[in-house]
Asks: 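One structure, as structure tokens, below. Some questions next.
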Number of protein chains: 2
Amino acid sequence: MPKLKISKRKREILNAAAVLFRYKGYAATSMRDLAEKVGLEVSSLYSHIKSKEEILITLCFHCANLYSDGLNQITEMDTNAMQKIDAIIDLHINIAIDHPSSITVFNDEWKHLSSEDLSRFLKMRKSYEKGIKSVLQEGINNSLLKDYPLDMLLNTMLSAMRWIHYIKNDINQLDRIKTQEVVKTILFAGIVNNKKR
Amino acid sequence: MPKLKISKRKREILNAAAVLFRYKGYAATSMRDLAEKVGLEVSSLYSHIKSKEEILITLCFHCANLYSDGLNQITEMDTNAMQKIDAIIDLHINIAIDHPSSITVFNDEWKHLSSEDLSRFLKMRKSYEKGIKSVLQEGINNSLLKDYPLDMLLNTMLSAMRWIHYIKNDINQLDRIKTQEVVKTILFAGIVNNKKR
DNA sequence: CCTACCGATCGGTAGG
DNA sequence: CCTACCGATCGGTAGG
């Protein structure tokens, strides 16, 4: 596991790439686009990065780690399923607001990863979903959640938050707390077993 | 408004393109890929289509029309806001199940439209969202819906269904009715004003 | 970090 | 619908 240090310049390049990939897509973004954005000649980029794909790999797995680290902390908490789901929703909303560009890359551009990286990525996603599903299952077992098919519950819940990172930056003073509150209320009133309330 | 007739061959090409764009993305799909898929030489494609972008335009606006025609029928119905939202959810789920490939293109690849087509597309989307928002507003006014910010209500509701078209084809015998039922229950119990129930 | 450059691939056309 | 072909652009390298 390298990645001990990332130079300031490299971070600049990664950030610029995230923004470009977000709006143009990975395949439609050229290294010329990226070079221009950071004020370098194309060839100079390769002093800092190995390849275009290395950038994609870095961005995708950076986000993957944000999610899986977050989930690990949550599952270790000594709380019930409802509170864990509460925390999972906070996690997703916070990541979406704090990293809108790289989250878009993570969501929409991972398919351009190749072979080993792609399968590693899909494995991480599978395991992340498995982690959430077991929280959901715990909630169902304790009658805290309605007994719906886990897949539908998971997909609906996670999809329902997949618009926050599209909010334009100039509306960025959007109230994080308000978003969490409203989204949570919408989701919870739908997921929670009313008999228990 | 042309498009009176689309030859069988052209339809084949459009369908193959939708599938390729879905899995590889528009920019990463080459006309060579497409030609191979339909069993033609690259240059022969151009007897049926004008350009790569024409394909994207056709696919995007085909879907856009499915949604806006559907919404128009719904808003003309003589029903209350709740029933209209019910119908809107059905519309989205049905389109997602019936046109999984082109809906993915519609959702993820519209950004590759250029200038006039892009702005026409965004205008249609804006107007579609406006139509749904006025249904939501009507529901709020009649105390059928919780009084949340319209944008959050709209985005959460539409996003919550944006996973259905990713269901793999080999699970295609997934029960449409069951999906509608579960998604609707999850969404409704969250959106509906409980004081009214 | 730049100049100079390369092979591969791209969308698309001419002409039949 | 195909053969033959083209200019443009791609990601990336050599060498300093």
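Here the structure is a predicted model, which is why all the values come from computation and not from measurement. Chain letters run A, B, ... following the sequence lines, proteins first, then strands; residues in each count from 1.
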Asks: Do the side-chain N or O atoms of B:Ser47 get closer than 4.0 angstrom to the phosphate oxygens (OP1, OP2) of D:dC1?
Replies: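 Answer is no, no contact under 4.0 Å.
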Asks: For a ring-ring contact (aromatic ring centres under 6.0 Å, His included) with A:His112, tell me which candidate from A:Phe121, A:Tyr26, A:Phe21 qualifies.
Replies: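 Among A:Phe121, A:Tyr26, A:Phe21, the one that satisfies the ring-ring contact (aromatic ring centres under 6.0 Å, His included) with A:His112 is A:Tyr26.
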Asks: In terms of heavy-atom contacts, does CD of A:Glu36 have more than 12 from other residues, nucleotides or ligands at under 6.0 Å?
Replies: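 Incorrect, the count does not exceed 12.
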Asks: Please give, in whole Å, the distance from C:dT9 P to B:Lys24 NZ?
Replies: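 It works out to 12 Å between those atoms.
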Asks: Taking the ring of B:Tyr67 and the ring of B:Phe106, is the distance between their centroids below 6.0 Å?
Replies: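 When the ring centroids of B:Phe106 and B:Tyr67 are compared, they turn out to be within the sub-6.0 Å range.
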Asks: Whole angstroms only, please: what is the CD-C1' distance between B:Glu41 and D:dC2?
Replies: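 So the two atoms are 7 Å apart, to the nearest Å.
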Asks: Would one find more than 12 heavy atoms of other residues, nucleotides or ligands at under 6.0 Å from atom NZ of B:Lys133?
Replies: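 Counting neighbours around NZ of B:Lys133, more than 12 heavy atoms of other residues, nucleotides or ligands fall under 6.0 Å, so yes.
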Asks: Could you pull out the protein-nucleic contacts involving nucleotides 11-14 of chain C (nitrogen or oxygen on both sides, under 3.5 Å)?
Replies:
residue	atom	partner	partner atom	Å
C:dG11	OP1	B:Thr29	O	3.3
C:dG11	OP1	B:Lys52	NZ	3.0
C:dG11	OP2	B:Met31	N	2.8
C:dG11	N7	B:Arg32	NH1	2.4
C:dG11	O6	B:Arg32	NH2	3.0
C:dG12	OP2	B:Tyr46	OH	3.1
C:dG12	OP2	B:Lys52	N	2.8

Asks: Can you tell me the Watson-Crick or wobble partner of C:dG12, both distances under 3.5 angstrom?
Replies: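 Here C:dG12 is engaged in a pair, and the nucleotide opposite it is D:dC5.
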Asks: Just how far, in rounded Å, is C1' of D:dC10 from CG of A:Leu34?
Replies: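 Checked: the CG to C1' distance equals 14 Å.
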Asks: Please classify the nucleic acid contact of A:Leu40 as base, sugar-phosphate, or nothing, using heavy-atom distances under 4.0 Å.
Replies: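 A:Leu40: backbone/sugar contact only, no base atoms under 4.0 Å.
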Asks: Determine, for B:Asp90 against B:Lys184, whether the closest basic-nitrogen to carboxylate-oxygen distance falls under 4.0 angstrom.
Replies: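 Counted as a salt bridge, because a side-chain N and a carboxylate O are separated by less than 4.0 Å.
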Asks: Measure the shortest side-chain to side-chain distance between A:Met152 and B:Lys178 over non-hydrogen atoms and say whether it is less than 4.5 angstrom.
Replies: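 They are in side-chain contact.
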